[in-house]
Engineer: 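Okay, here's the structure, questions in a sec.
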Amino acid sequence: MAIRRMFMFVLVGAMFGAGTIAQAEAESGGASRFIRDLGDQAIQVLQTPDLTLEQREDRFRDILRQGFNLDFIGRFVIGNHWRKASAQQQADYQQLFGEYILQTYASRFGGYAGEKLAISEEKPAGKTDVVVRTRINRPSGSPINADWRVRVTDGRYGIIDVMVQGVSMVLTHRQEFSGLIKKSGVKGLIQLLSARVDKLPATTAMAK
Amino acid sequence: MKNTNSAALGLIAAAALILSVWVSPARADFEAGWQAYQRGDFAAALKEWRPLAQSNDARAQYNLGILYDQGKGVDSDLKQATAWWQKAALAGYAPAQHNLASNLISGDGVEQDYKAALEWLNKASDKGLARSSYTLGKDVPLRPWGVTKDVERAFALFLKAGEQGYVRAQYNLGKTYRDGDGTEKNLVEAVKWYRKAAEQGYAKAQSSLGVRYARGEGVAKDEMQALMWTILAANQGLKRAVDDRAYLAKSMGPEKLAKAEKLAADWKPTAK
């Protein structure tokens, strides 16, 4: 849970720290620009005054959908269990996992402000990836180090992992899901995800 | 008589005044919490809603549960979320009944209990909560528990939620009518329900409506409408629509594609 919370801060930082990222642009390459662009789009959503919180979260969700390589993350998180799943289960899982990730993270973005993100460096990771190292400075509390692992797939940049203080977001999910799959199979995971994405948001509606 | 009347009126006025003074701070607190929530000041929302929740305001209990569930203004705590939803659910508040059922299915913050989940979903559906009717119709989360799919009941539940404007139920009605699954097969009805959801911007329904137009099934064949709806769905990232768009664009040529793209760009979703 703590990790997940940290991840929120990271994304929030990326979304809100566009100005700071722009300053770092001179020393950084394409992957940094990609992260900065996501931030720019988020700022635009924030500056649209008439939107409700739910609408802002919806738009954040669209921005995240563009930024994350959800297919890759989904496949990685489920690991070897992917091959044992039926085609229908694979399709259900990918759809639900994407929805779950976007909903979870977008629900935290709507109104937060104040975090600033500074890009410290960009370095290659393995043969295919680039890690954009960032530091998130918060109005209160100590700064957080976050590394964004970015990969080009089909000519497009996509975030495939975020490491907060060295802890990987995808590994954390993988660990949580692996225990569940062992206990109740892929169908158990699908059940968990469908229940989690089915919840209703806050409301002003009175009881009937 | 006249005196009695005016005395009675005076009493009523006094009672109304007392009532309004007594009721309005609570109302203002909830509203203040809601305004704070909309601004993204979740700590302030928490501060307004917690005392109301503690004095048994079901709506505040429900929203407090949301703050705990999503870790807004407070550390995420699924047990607290579930406990607040449980209180509001017992008071008969349908959205809390629905979310409590979700946690009973996922086992988040509470021991898994499908039987209890099903009971809460039925209660919320009976109160007219479209999302619960849809979830019961879909029954995906309940299947591992051994609830067998009752297609006729599913159809009735989708119809209930679809008529309330719930897009996912409308889309499923399109599929049920297309396949004759739990009701008589009717391609015109299928198009009607796909269209209701598509017009609200639901990508899957837009894609299905596009396919209906392309094939001329349940609606007069119209390749321009087919391509427009397919583009709208593809723009939302729906994979099957992305493939269909490429296929349709290839057969129709660049001029028609440009025209369909213009139609899609000008298109606006309708409200529920």
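Residue numbering restarts at 1 for every chain, and letters A, B, ... go by the order of the sequence lines. A quick note: this is a predicted structure, and the numbers were derived from the prediction, not measured. Side chains included, hydrogens not; waters and symmetry mates left out as well; all remaining heavy atoms used.
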Engineer: Measuring centre to centre across the rings, with the benzene-like ring taken for any Trp, is B:W49 within less than 6.0 Å of B:F30?
Structural biologist: yes
Engineer: Can you name the ring pair (Phe, Tyr, Trp, His ring centres under 6.0 Å) partners of A:Y93, sequence neighbours left out?
Structural biologist: A:F97
Engineer: For B:Y202, is the NZ or CZ atom of B:R168 found under 6.0 angstrom from the centre of its six-membered ring and inside 45 degrees of the ring axis?
Structural biologist: no
Engineer: Pick from A:D62, A:L180, A:T204, A:L192: which one has the most heavy-atom pairs with chain B under 4.5 Å?
Structural biologist: A:T204
Engineer: Mind ranking B:N103, B:L104, B:I66, B:L64 by heavy-atom pairs under 4.5 Å with chain A and telling me who comes out on top?
Structural biologist: B:I66
Engineer: Is A:Q95 close to chain B through its backbone or its side chain, or both, or neither, when contacts mean heavy atoms under 4.5 Å?
Structural biologist: side chain
Engineer: Assess whether side chain to side chain donor-acceptor pair (under 3.5 Å) is satisfied between B:Q206 and B:Q236, documenting all intermediate values.
Structural biologist: CA-CA 10 Å; B:Q206 292 176 331; B:Q236 295 190 59; 3.0 Å; yes
